[in-house]
Amino acid sequence: MVSNVQPRGSHFIAGAYRSDIDGPEILSVYPATGEIIARLGAATAATVDDAVAAAVEAQRAWGRKSGTERGRVLRRAADLLRARNRALSELETLDTGKPISETLVADAASGADCLEYFGGLAASIAGEQVDLGHSFGYTRREPLGVVAAIGAWNYPIQIACWKAAPALACGNAVVFKPSEMTPLSALQLAEILIEAGLPPGVFNVVQGRGETGRRLVEHPDVAKVSLTGSVPTGRAVMAAAGAGIKSVTMELGGKSPLIVFADAELDNAVGGAMLGNFYSAGQICSNGTRVFVQRKVYDDFLTRLAKRTDAIRLGDPLDPETQMGPLISEAQRDKVMAHIATGKQDGARLLTGGDQPHLQGFERGSFVRPTVFADVQDGMRIAREEIFGPVMSVLVFDDEDEVVARANDTEFGLAAGVFTRDIQRAHRTIANLQAGTCWINAYNLTPVELPFGGVKRSGVGRENSRAAIEHYTRLKSVYVEMGDVDSPF
Ligand code: NDP
């Protein structure tokens with residue numbers, strides 16, 4: 001039996017919890033046991049309208065504060081997040097099933113980094129002065145207004161921070177809709193921001209499914225939409241935002257390549273491939289799920305990979321020794337198992353895993369054993385479709401031009417990685433890969449100082465880093481006449 005995590009209300013609007021008994025029920029389920037840990041309600045249209053109205057009202061004063069004042073609030077929130085990391089990590093583990101060994105270091109902690117980073121940057125957000133000879137001009141970097149932010153279920157509090165921190169630093173207000181699968185931690189973030197001094201209404205949370213998200217996106221008082229989700233959802237959300245001529249940030253799915261050249265330090269490459277496929281039970285958008293290994297080291301790579309994969313400890317997510325927890329839901333487990341069945345049918349060689357483990361005390365958990373397919377061909381469905389589970393496809397290649405062409409042969413373009421000791425080859429290969437976020441001799445590290453985002457169908461815009469400021473502000477140009485008006489009339 002897990003501890004009581006039932007929030008005091010489903011939504012957080014204008015600085016207070018709100019319940020909305022007319023909306024459909026949303027259940028938070030602990031994926032390791034199937035136990036219902038919290039019951040919430042989806043927002044009705046009236047609640048969405050209230051949240052947006054609260055944000056519109058609060059944004060006026062927030063947007064007029066100095067960057068220094070806004071930054072101070074964000075930095076205080078970062079400190080509070082860190083001080084409560086243990087409790088927030090346990091909550092995130094219960095809501096997502098991710099092991100506590102991960103949530104303690106990767107979720108609220110990275111959210112705190114993001115708040116701290118944009119808190120530090122807020123005071124230096126500025127336009128520029130432009131000399132025009134006899135006159136001059138300047139630009140003002142202004143907030144957009146109200147941002148509708150919509151999250152996926154894999155990194156709930158991190159996604160909330162990645163969207164809220166730059167938006168708030170720039171003087172916007174936010175209405176955040178978490179995934180219905182993981183409604184809990186955004187409410188904690190809302191409380192923490194108030195405690196840090198954020199005025200009520202500047203950050204609001206509404207719960208709901210796609211329908212609530214759609215209402216938010218279409219709301220006439222929403223100026224910008226930031227989504228983390230799948231490509232089909234991104235397509236629908238971008239079209240709806242386009243109808244209202246709203247700006248968007250889209251962080252969508254991927255089927256990223258990880259290329260291991262024969263000269264790579266092989267244990268590092270194996271470690272990188274495992275990190276890029278099995279962390280968070282494979283539920284990471286930027287995962288390097290197509291691992292291309294050069295023929296000369298292919299067998300050696302597979303031998304080392306199978307040995308280390310078989311040693312991954314699955315089990316109780318709250319046990320600090322556990323390395324892999326369940327998937328987010330039974331539906332996601334079934335989807336991943338269907339992909340595994342397809343891989344077998346299509347003729348890929350199952351190297352290890354491929355089944356659901358029987359774990360005592362967690363018989364109803366949605367676990368899938370870490371799975372590696374070898375001898376995968378480019379056209380197989382497991383090599384083309386995003387699986388979002390612990391399933392790695394390993395493909396063999398011979399030369400650099402060939403592997404670059406094959407790596408780029410996908411509709412996605414979120415991330416890519418290269419393992420090699422040859423620095424010229426490393427930079428040349430990365431330059432030729434169609435991906436927004438790349439690693440050399442590493443995988444899946446996303447420090448807040450570097451932009452994160454995709455190309456092709458994997459997304460539009462960038463999160464994190466100074467680049468995010470562009471996506472949460474607009475420029476106003478001001479021409480200042482220093483002489484007389486030169487009018488022909
Ligand atoms: P979904 O696309 O199913 O949902 C994303 C969010 O959008 C959810 O909150 C969902 O609500 C909401 N939503 C669904 N339909 C609409 C709509 N018509 N209008 C507005 N909002 C809507 O993604 P998942 O939650 O299943 O997350 C997994 C996906 O997210 C994967 O494809 C993964 O690659 C991607 N992802 C991308 C990342 C990136 O940064 N590029 C990072 C993490 C994940 P609800 O679910 O409550 O119905």
Side-chain angles (χ1 to χ4, degrees), residues 10 23-28 40-43 48 95-96 98 106-107 110 114 148-163 175-183 186 205-219 222 225-244 246 248-256 279-289 327-329 331-332 335-336 339 385-389 411-415 435-437 444 446 451-464 468:
S10 295
E25 196 172 40
I26 287 183
L27 300 177
S28 171
L40 298 90
V48 171
D95 215 8
T96 63
K98 295 195 295 179
D107 291 78
S110 67
C114 189
I150 301 175
W153 37 256
N154 57 346
Y155 279 83
I157 199 166
Q158 184 199 70
I159 291 172
C161 290
W162 279 25
K163 298 190 185 308
V175 180
F176 183 73
K177 188 200 86 66
S179 164
E180 59 160 305
M181 315 289 279
T182 52
V205 178
V206 293
Q207 308 291 349
R209 302 189 168 85
E211 181 57 19
T212 307
R214 193 184 57 73
R215 278 210 182 98
L216 253 184
V217 171
E218 290 176 0
H219 198 291
V222 163
V225 179
S226 178
L227 170 83
T228 296
S230 61
V231 173
T233 303
R235 194 175 284 123
V237 169
M238 210 167 150
K246 297 173 184 181
V248 294
T249 298
M250 296 276 139
E251 296 294 352
L252 309 176
K255 191 76 195 175
S256 300
Y279 206 69
S280 297
Q283 301 163 113
I284 299 184
C285 50
S286 50
N287 272 356
T289 44
L327 297 173
I328 187 72
S329 63
Q332 187 66 13
K335 186 183 148 208
V336 171
H339 276 289
E385 295 170 17
E386 184 179 50
I387 298 176
F388 229 57
E411 62 172 357
F412 299 108
L414 186 54
T437 308
N444 260 355
T446 54
F452 181 83
V455 300
K456 292 156 82 176
R457 303 233 169 117
S458 290
V460 172
R462 291 293 177 268
E463 298 201 293
N464 288 341

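Both ligands and their constituent atoms are indexed starting at 1 by order of listing.
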Colleague: Looking at CE of Met250 and CZ of Arg457, how far apart are the two atoms once the value is rounded to the nearest 0.5 Å?
Modeller: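 Reported value, rounded in 0.5 Å steps: 14.5 Å.
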Colleague: Just to confirm my output: which protein heavy-atom neighbour is closest to atom 1 (P) of ligand 1, and how far is it?
Modeller: Thr233 OG1, 3.6 Å
Colleague: Taking the side chain as C-beta and beyond, is there a heavy-atom pair between Ile284 and Tyr279 under 4.5 Å?
Modeller: yes
Colleague: At less than 4.0 angstrom from any non-hydrogen atom of Gly213, what atoms of ligand 1 do you find?
Modeller: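 Reading through ligand 1 atom by atom, the close ones are 19 (N), 20 (C), 21 (N).
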Colleague: Is ligand 1 under 4.0 Å from a heavy atom in the side chain of Val231, in the backbone, in both, or in neither?
Modeller: neither
Colleague: Could you list which atoms of ligand 1 come closer than 4.0 Å to a heavy atom of Gly253?
Modeller: 34 (O)
Colleague: Side chain of Thr437, backbone of Gly453: donor and acceptor closer than 3.5 Å?
Modeller: yes
Colleague: Is there a donor-acceptor pair closer than 3.5 Å between any side-chain N or O of Lys177 and the backbone N or O of Gly208?
Modeller: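 Judged by distance alone, yes, a pair lies under 3.5 Å.
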Colleague: Starting from atom 34 (O) of ligand 1, which protein heavy atom do you reach first, and at what distance in Å?
Modeller: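 It is Glu386 OE2, 2.6 Å.
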Colleague: Does any non-hydrogen side-chain atom of Ile387 lie less than 4.5 Å from one of Thr289?
Modeller: no
Colleague: With backbone taken as N, CA, C and O and side chain as the heavy atoms from C-beta onward, which portion of Leu414 lies under 4.0 Å from ligand 1: side chain, backbone, both, or neither?
Modeller: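 Looking at Leu414 and ligand 1, just side chain atoms fall under 4.0 Å.
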Colleague: Indicate yes or no for a side-chain donor-acceptor contact from Gln332 to the backbone of Phe388 under 3.5 Å, with no hydrogens or angles considered.
Modeller: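 Here the side-chain-to-backbone pair exists.
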Colleague: Can you tell me how far the CD atom of Gln207 sits from the OG1 atom of Thr182, to the nearest 0.5 Å?
Modeller: 8.5 Å
Colleague: What residue and atom, counting heavy atoms only, is the protein's closest point to atom 44 (C) of ligand 1, and at what distance?
Modeller: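 Its nearest protein heavy-atom neighbour is Asn154 ND2, 3.5 Å.
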Colleague: Enter the distance from Ser286:OG to Asn444:CG here, rounded to the nearest 0.5 Å.
Modeller: 3.5 Å
Colleague: So is Ala240 close enough to ligand 1, meaning a heavy atom under 4.0 angstrom away?
Modeller: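 Per 4.0 Å heavy-atom rule, Ala240 does not contact ligand 1.
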Colleague: Side chains of Thr212 and Val48: closer than 4.5 Å at any heavy-atom pair?
Modeller: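 Yes, their side chains come closer than 4.5 Å.
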Colleague: Are Asp107 and Lys98 packed together at the side-chain level, in the sense that at least one heavy-atom pair is separated by less than 4.5 angstrom?
Modeller: yes
Colleague: Any side-chain heavy-atom pair from Asp95 and Pro183 closer than 4.5 angstrom?
Modeller: yes
Colleague: Show which atoms of ligand 1 fall inside a sub-4.0 Å distance from at least one heavy-atom site of Leu227.
Modeller: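 This gives 6 (C), 7 (O) as the contact atoms.
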Colleague: Does any N or O in the side chain of Lys246 come within less than 3.5 Å of the main-chain N or O of Val217, such that one atom is a donor and the other an acceptor?
Modeller: yes
Colleague: Which ligand 1 atoms, with their elements, are less than 4.0 angstrom from a heavy-atom of Ala152?
Modeller: 25 (O), 27 (O), 30 (O), 44 (C)
Colleague: Return the closest protein heavy atom for atom 26 (O) of ligand 1 as residue, atom name and distance.
Modeller: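 Ranked first by proximity to atom 26 (O) of ligand 1 is Trp153 NE1, 3.0 Å.
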Colleague: For atom 11 (O) of ligand 1, what's the nearest protein heavy atom and its distance?
Modeller: Lys177 NZ, 3.1 Å
Colleague: Give me the residue, atom name and distance of the protein heavy atom closest to atom 17 (C) of ligand 1.
Modeller: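 Heavy-atom neighbour on the protein nearest atom 17 (C) of ligand 1: Gly210 O, 3.6 Å.
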Colleague: What are the atoms of ligand 1, with element, lying closer than 4.0 Å to any heavy atom of Arg214?
Modeller: 19 (N), 20 (C)
Colleague: Out of Gly254, Ser230, Ala241, Cys285, who gets a non-hydrogen atom closest to atom 23 (O) of ligand 1?
Modeller: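 Among Gly254, Ser230, Ala241, Cys285, the closest heavy atom to atom 23 (O) of ligand 1 belongs to Ser230.
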Colleague: What are the atoms of ligand 1, with element, lying closer than 4.0 Å to any heavy atom of Phe452?
Modeller: 40 (O)
Colleague: At the 4.0 Å heavy-atom cut-off, does Gly459 count as touching ligand 1?
Modeller: no
Colleague: For ligand 1, is there an N or O atom under 3.5 Å from any N or O atom of Ala236?
Modeller: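 No - when backbone and side-chain N and O of Ala236 are compared with those of ligand 1, no distance drops under 3.5 Å.
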Colleague: Can you confirm whether Val206 sits close enough to Val175 that some side-chain heavy atom of one is under 4.5 Å from a side-chain heavy atom of the other?
Modeller: yes
Colleague: Tell me: protein heavy atom nearest atom 7 (O) of ligand 1, and distance?
Modeller: Ile150 CG2, 3.3 Å
Colleague: Should Thr233 and Leu252 count as side-chain neighbours, where that means a heavy-atom distance under 4.5 Å?
Modeller: no
Colleague: Using a 4.0 Å cutoff against the non-hydrogen atoms of Gly208, which atoms of ligand 1 qualify?
Modeller: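 So the atoms of ligand 1 that pass are 47 (O).
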Colleague: At under 4.0 Å between heavy atoms, which part of Tyr155 makes contact with ligand 1: side chain, backbone, both or neither?
Modeller: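 Looking at Tyr155 and ligand 1, no heavy atom falls under 4.0 Å.
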Colleague: So is there a nitrogen or oxygen of Phe388 less than 3.5 Å from a nitrogen or oxygen in ligand 1?
Modeller: no
Colleague: Identify, for atom 46 (O) of ligand 1, the protein heavy atom at the shortest distance, and state residue, atom and that distance.
Modeller: Ser179 OG, 3.7 Å
Colleague: Do any N/O atoms on Thr228 end up under 3.5 angstrom from N/O atoms on ligand 1?
Modeller: no
